[in-house]
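Encoded as structure tokens, the structure appears first; notes follow it.
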Amino acid sequence: MYNLGFYLKKMISVFQILCKRLSYYCLVLACSAMYIFSYFVNLVRLFVSGKRCKTKNRASPPSCLVKPELGVHGYLTLKNRNDLKIHYVAKGKPGNPLVLFLHGFPEFWYSWRFQLQDLSDDLYVIAVDMTGYGDSSKPQNLDRYHVNEIAEDMKEVILELGYNSCILVGHDWGGVVSFSVAHNFPEVVNKLVVVNVPHSRSFKKASFKQLWCFTYIYFFQLPFIPEWILSSNDFSLLNYIKSMANSNNFTASDLEAYKYCFQKGGFTFPLNYYRNLYNQVYTSRGPFKKIVPPTLLIWGVNDPICLLESGRLSLEALENGKIECIENASHAPHYDQPRVFNSTLMKFISS
């Protein structure tokens, strides 16, 4: 009788796993069909209007990427991470408090240009290309892009720079990684700043509207097709970043910089961050624990992707956290409203 009960429990457990996987694949297929259909409708419109354009060959970086006022380019070799190479741009005096900036998707170090220019007087400011992006190494193994793996890369970046700890600032996927660094390696984070991305714990109470905003994540689980769509029509979907941003702070030259970066490095490795989401329930290792380092959430209130409600729910995952809202800013307040953002950030750093 005991053995029968044991095997029944095993069968029920296997059945539950199968149901979860089936529902996951159904979501992937449904959301993918929706996004692919939408893409082809837009493609037909472009052909009819005659606005479809060929991909431009970008052999050299646009001038905005090599401005000396943005800082000095360099590379770190992370010996404890199989000699992973991380590209970074640094400004300020080494030895000053380190502020490490982690970008989101689909972006790269350049998204922190206003912070590199304005915050380096009393700080050592560094913006990296995260693993798989820009001029950093691109490991081939899909599992290498699990958020905990990337978090360990970023921890090693801090140590390789000669620091024991830093002020860690992350936006979008950089924020997800920053949460994981703060959870798994709290000793290397003096203060944490996360910009317009919720803690995964908030999804337990997320509204249908917020969950709907994340349906594109299921589309990104497909192989090849997301890369093809993102790069087609001369990377036209990158125009969406420009359309959300403050036009005064995201120029045509800035858009060219983004297109240059992703034409050179492609989308597969950045998309692998999303393709590992099914392998992780939360961004942490082991049982859930609140984030210990003092944490500030900075939120552009007009964000159509990560809603303000999810930011407020994320406070429940923080032992010592608060949220500051920036008006007239969308998903990227650090270049939508850089003066307000920088002022808010500096106030938190100096508090």
Side-chain angles (χ1 to χ4, degrees), residues 16-39 41-42 103-107 145-148 150-151 170-180 183 194-223 225-226 229-230 237 240-241 243-244 267 270-284 287-288 290-291 295 297-318 321 323 325-326 329-333:
Q16 288 174 333
I17 291 171
L18 288 172
C19 287
K20 286 181 180 179
R21 286 187 178 273
L22 181 61
S23 62
Y24 166 75
Y25 289 125
C26 286
L27 277 170
V28 168
L29 290 172
C31 295
S32 298
M34 178 178 67
Y35 280 94
I36 292 170
F37 175 76
S38 175
Y39 169 75
V41 168
N42 288 328
H103 61 80
F105 173 90
E107 300 194 284
Y145 294 89
H146 189 285
V147 67
N148 287 331
I150 307 299
H171 167 246
D172 188 80
W173 257 109
V176 176
V177 172
S178 296
F179 276 134
S180 188
H183 180 94
V194 173
V195 185
N196 277 75
V197 73
H199 190 279
S200 57
R201 195 75 176 177
S202 70
F203 295 145
K204 285 179 170 287
K205 298 180 181 179
S207 66
F208 175 79
K209 183 179 180 181
Q210 177 61 91
L211 295 175
W212 178 259
C213 291
F214 286 143
T215 52
Y216 68 90
I217 292 173
Y218 292 102
F219 167 58
F220 285 167
Q221 304 308 305
L222 293 179
I225 296 175
I229 288 179
L230 286 168
L237 285 182
Y240 183 61
I241 299 174
S243 70
M244 285 197 298
F267 286 102
L271 284 169
N272 283 346
Y273 284 61
Y274 289 98
R275 289 164 179 160
N276 267 287
L277 277 172
Y278 188 57
N279 298 325
Q280 59 203 35
V281 180
Y282 301 116
T283 60
S284 60
F288 172 73
K290 288 191 174 184
I291 300 293
T295 304
L297 304 180
I298 301 180
W299 221 272
V301 297
N302 297 333
D303 190 343
I305 302 167
C306 299
L307 307 182
L308 179 57
E309 64 184 50
S310 62
R312 290 180 172 139
L313 287 172
S314 297
L315 293 173
E316 298 177 12
L318 311 176
I323 188 168
C325 299
I326 297 183
S330 186
H331 184 59

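Counting all heavy atoms, side chain and backbone alike, Asn196 lies closest to Ser330 at ND2-O, 3.6 Å. What you find for Phe105 and Asp172 is that their closest heavy atoms are N-OD2, 2.9 Å. The two residues Asp303 and Leu307 come nearest to each other via the heavy atoms O-CD2, 3.6 Å. Between Ser178 and Val194, the closest heavy-atom pair is CB-CG2, 4.5 Å. Annotation for Leu308 and Cys325: closest pair CD1-SG, 3.7 Å, computed over non-hydrogen atoms. Closest heavy-atom contact between Val195 and Pro333: CG1-CG, 3.6 Å.
Using a distance-only test at 3.5 Å, with no hydrogens or angles considered, a donor-acceptor pair links the side chain of Arg275 to the main chain of Phe220. A donor-acceptor contact shorter than 3.5 Å is absent between the side chain of Ser180 and the backbone of Val177. Between the side chain of Trp299 and the main chain of Arg312, no donor-acceptor pair closer than 3.5 Å is present.
Interatomic distance, Leu315 CG to Arg201 CZ, rounded to the nearest 0.5 Å: 14.5 Å. To the nearest 0.5 angstrom, Leu277 atom CG is 6.5 Å from Gln221 atom CD.
Inter-residue side-chain proximity for Glu316 and Ser202 is flagged as unmet; no heavy-atom pair is nearer than 4.5 Å. Side-chain contact between Pro106 and Leu230 is absent, with no heavy-atom pair separated by less than 4.5 Å. Leu313 has its side chain out of reach of Gln210: every pair of non-hydrogen atoms, C-beta onward, lies at least 4.5 Å apart. Within the 4.5 Å cutoff, the side chain of Pro304 has no heavy atoms near those of the Cys213 side chain. For the pair Cys306/Phe214, a side-chain contact is recorded, criterion being any heavy-atom separation below 4.5 Å from C-beta on.
If you run ring pair (Phe, Tyr, Trp, His ring centres under 6.0 Å) between Tyr274 and each of Tyr218, Trp173, Tyr145, only Trp173 comes through.
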Apply side chain to side chain contact (heavy atoms under 4.5 Å, CB included) to the pair Tyr216 and Ile305, showing each step before the final yes or no. CA-CA 10 Å; Tyr216 68 90; Ile305 302 167; 4.0 Å; yes
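Using the six-membered ring where Trp is involved, His331 and His171 have ring planes that are tilted, between 30° and 60° apart.
Between Glu309 and Lys209, no side-chain nitrogen of the basic residue sits less than 4.0 Å from a carboxylate oxygen of the acidic one, so the salt-bridge criterion is not met.
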